[in-house]
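Please read the structure below before turning to the comments.
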Amino acid sequence: MSSAKPYSVVISGTGLFTPEHIITNKELVDSYNRWVRQYNRKHAAKIEKGELEAKPESSVEFIVKASGIEQRFAYVKEGILDIERMRPLIPERGEVDLSDQAEMALHAAREAIQTAGKTAADVDAVIVSCAYTQRSYPAIAIEVQNELGINGFGFDMLVACSAATFALHRGYEMVTAGTARCVLLINPELTSPQVNYCDRDSHFIFGDVATAAIVERADNCTNSHCYEIIGTKAKTQFSSNVRSNMGYLSRVNDVDPFGPDKLFHQNGRRVFKEVCPMAERHLSDHVQSLGFTIPEIKRWWLHQANINMNNMIAKRLLGRGATFEEAPIVLDRYANTASAGSLIAFHLHNHDLVAGDLGVICSFGAGYSIGSLIVRKK
Ligand SMILES: CC(C)(COP(=O)(O)OP(=O)(O)OC[C@H]1O[C@@H](n2cnc3c(N)ncnc32)[C@H](O)[C@@H]1OP(=O)(O)O)[C@@H](O)C(=O)NCCC(=O)NCCS
């Protein structure tokens, strides 16, 4: 945990890239159920003999009740609903072309830079932080740096659902330490290629999006609408309950690099049970460690994985349910966007706070990992 040191640090701009394609629960469930019926027909003999289990159908009602998700955005929709494919069809780009994640990142980054009133010359570092990157190197961040004409340095980091908050922590530390005046943090969450659209338990969970933030020294900030970061806190605890085993060793393990265990999978019930109390303890400790009380926090920009998780954490923290104003929800529209959820909530719902108001940005998820920032409207 750290608190303000030599330089006071602010979040002075954010950006959001929302892909143009929407997939509703109904579209997703219709396609999944057609796929299931085809699967069960294809394997009817084995199912009849008891050698294989028939796959049950998915339902819109279950998805809304279990998750609060009503739709998700897709970077590319083509292919996802095609029962002969069940994954997006994203044409490969050449090595001289802009990568998909850099393109998503640039949309969000340009908005964040513009909102903060900065130019490329003001930015000293670029961090691209998300749940997956489409290649190992060169870093997507360096590609973005090059596109924007930024001096200094860039690097990628992966922290699953906490990638955005952990990157904000790194930006904050770089600015407080004086190693950068201004840092651009970007979260191009291209999650759809990792979703197993043939898995009833998880086919509905994720959406694609990109978020970005500018973190800089308060004395350089020219945006009157900004938030001072007054403390950061991170916690990780190893768990295999949320996993993606996609990786380069598949080549030498002689296994299917795209098998179900290589895609996103989880023990959702365990995650729910274990992460909610962890997140609640983490947040109350963080708030108290800075001398504040829970009722003093005006807004909770919480991770957006599941409405029931958010409700339970808010209830444990506040002793009652939170209003939309206190803890805004975006996952009905965006679904779980890996690390970007709390940043989407912040981006869309921070403009009404007034000077002195306190808020908390918090992520929680795979790792397990929890990251929080306590901010104060300047
Ligand atoms: C994932 C999650 C939404 C599933 O909700 P849940 O209420 O725990 O659901 P379960 O998996 O226990 O399933 C409940 C029932 O619905 C059924 N079901 C599961 N998926 C279904 C679907 N898509 N459609 C219809 N029914 C479904 C199950 O088979 C089960 O039936 P049963 O009671 O007859 O066995 C929930 O566990 C959760 O919120 N986990 C938190 C973790 C999370 O969101 N992580 C995201 C990444 S960090």
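Both ligands and their constituent atoms are indexed starting at 1 by order of listing. The residues of the chain are indexed from 1 along the displayed sequence.
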| Protein heavy atoms: any of them under 4.0 Å from atom 35 (O) of ligand 1? | no

| query | Looking at atom 16 (O) of ligand 1, is any protein heavy atom nearer than 4.0 Å to it? | reply | yes

| task | List the steps and the verdict of ring pair (Phe, Tyr, Trp, His ring centres under 6.0 Å) for H349 and F324. | result | CA-CA 10 Å; H349 301 287; F324 181 90; 5.2 Å; yes

| With a 4.0 Å cut-off on heavy atoms, is N308 touching ligand 1? | no

| said: Given D352, which partner from the list K298, R299, K377 fulfils the side-chain hydrogen bond (donor to acceptor under 3.5 Å, both in side chains) test? | reply: R299

| Regarding T211 and N187, is there a side-chain donor-to-acceptor distance under 3.5 Å anywhere? | yes

| query | Looking only at protein heavy atoms, which one is nearest to atom 48 (S) of ligand 1, and how far off is it? | reply | C161 SG, 3.8 Å

| query | Is the centre of the Y172 ring less than 6.0 Å from the centre of the H169 ring? | reply | no

| request: Report, in ascending order of atom number, the atoms of ligand 1 lying under 4.0 Å from any heavy atom of N336. | output: 46 (C), 47 (C)

| Going by the order shown, which atoms of ligand 1 are within less than 4.0 Å of some heavy atom of V271? | 42 (C)

| Which one of Y368, F206, Y32, F62 has a non-hydrogen atom at the shortest distance from atom 4 (C) of ligand 1? | F62

| For atom 22 (C) of ligand 1, is the nearest protein heavy atom closer than 4.0 Å? | yes

| message | Just by distance, no angles: are the side chains of T337 and E189 close enough, under 3.5 Å, to form a donor-acceptor pair? | response | no

| Atom indices of ligand 1 within 4.0 angstrom of S59 heavy atoms, with elements | 24 (N), 25 (C)

| said: When you measure from the side chain of Q101 to the backbone of Q134, do you find a donor-acceptor pair of N or O atoms at a distance under 3.5 Å? | reply: yes

| So, E274 versus N241: side-chain donor-acceptor pair below 3.5 Å or not? | yes

| message | Looking only at protein heavy atoms, which one is nearest to atom 45 (N) of ligand 1, and what is the separation? | response | Q266 OE1, 2.9 Å

| task | Only heavy atoms count here, so choose which of R200, H203, E57, E274 is nearest to atom 18 (N) of ligand 1. | result | R200

| task | Specify the protein heavy atom at minimum distance from atom 5 (O) of ligand 1: its residue, its atom name, and the distance to 0.1 Å. | result | A66 CB, 3.8 Å

| field | Subset of ligand 1 atoms that lie under 4.0 Å from at least one heavy atom of G268 | value | 37 (O), 38 (C), 40 (N), 41 (C), 42 (C)

| said: Between S363 and S339 (side chain of the first, backbone of the second, donor and acceptor by atom type, cut-off under 3.5 Å), is there such a pair? | reply: no

| said: Check K118 with E216, please: is the shortest side-chain N to carboxylate O separation under 4.0 Å? | reply: yes

| query | Identify the closest protein heavy atom to atom 8 (O) of ligand 1: which residue and atom is it, and at what distance? | reply | R269 NE, 2.8 Å

| note | If we number the atoms of ligand 1 from 1 as shown, the ones under 4.0 Å from a heavy atom of D201 are 19 (C), 20 (N)

| said: Please determine whether any non-hydrogen atom of S67 lies less than 4.0 Å from an atom of ligand 1. | reply: no

| field | Modelled atom types, side-chain donor and acceptor of E70 and T24, under 3.5 Å | value | no

| query | Going by atom types alone, do D156 and Y137 pair a side-chain donor with an acceptor below 3.5 Å? | reply | no

| task | Would you check whether N306 has a nitrogen or oxygen atom less than 3.5 angstrom from a nitrogen or oxygen atom of ligand 1? | result | yes

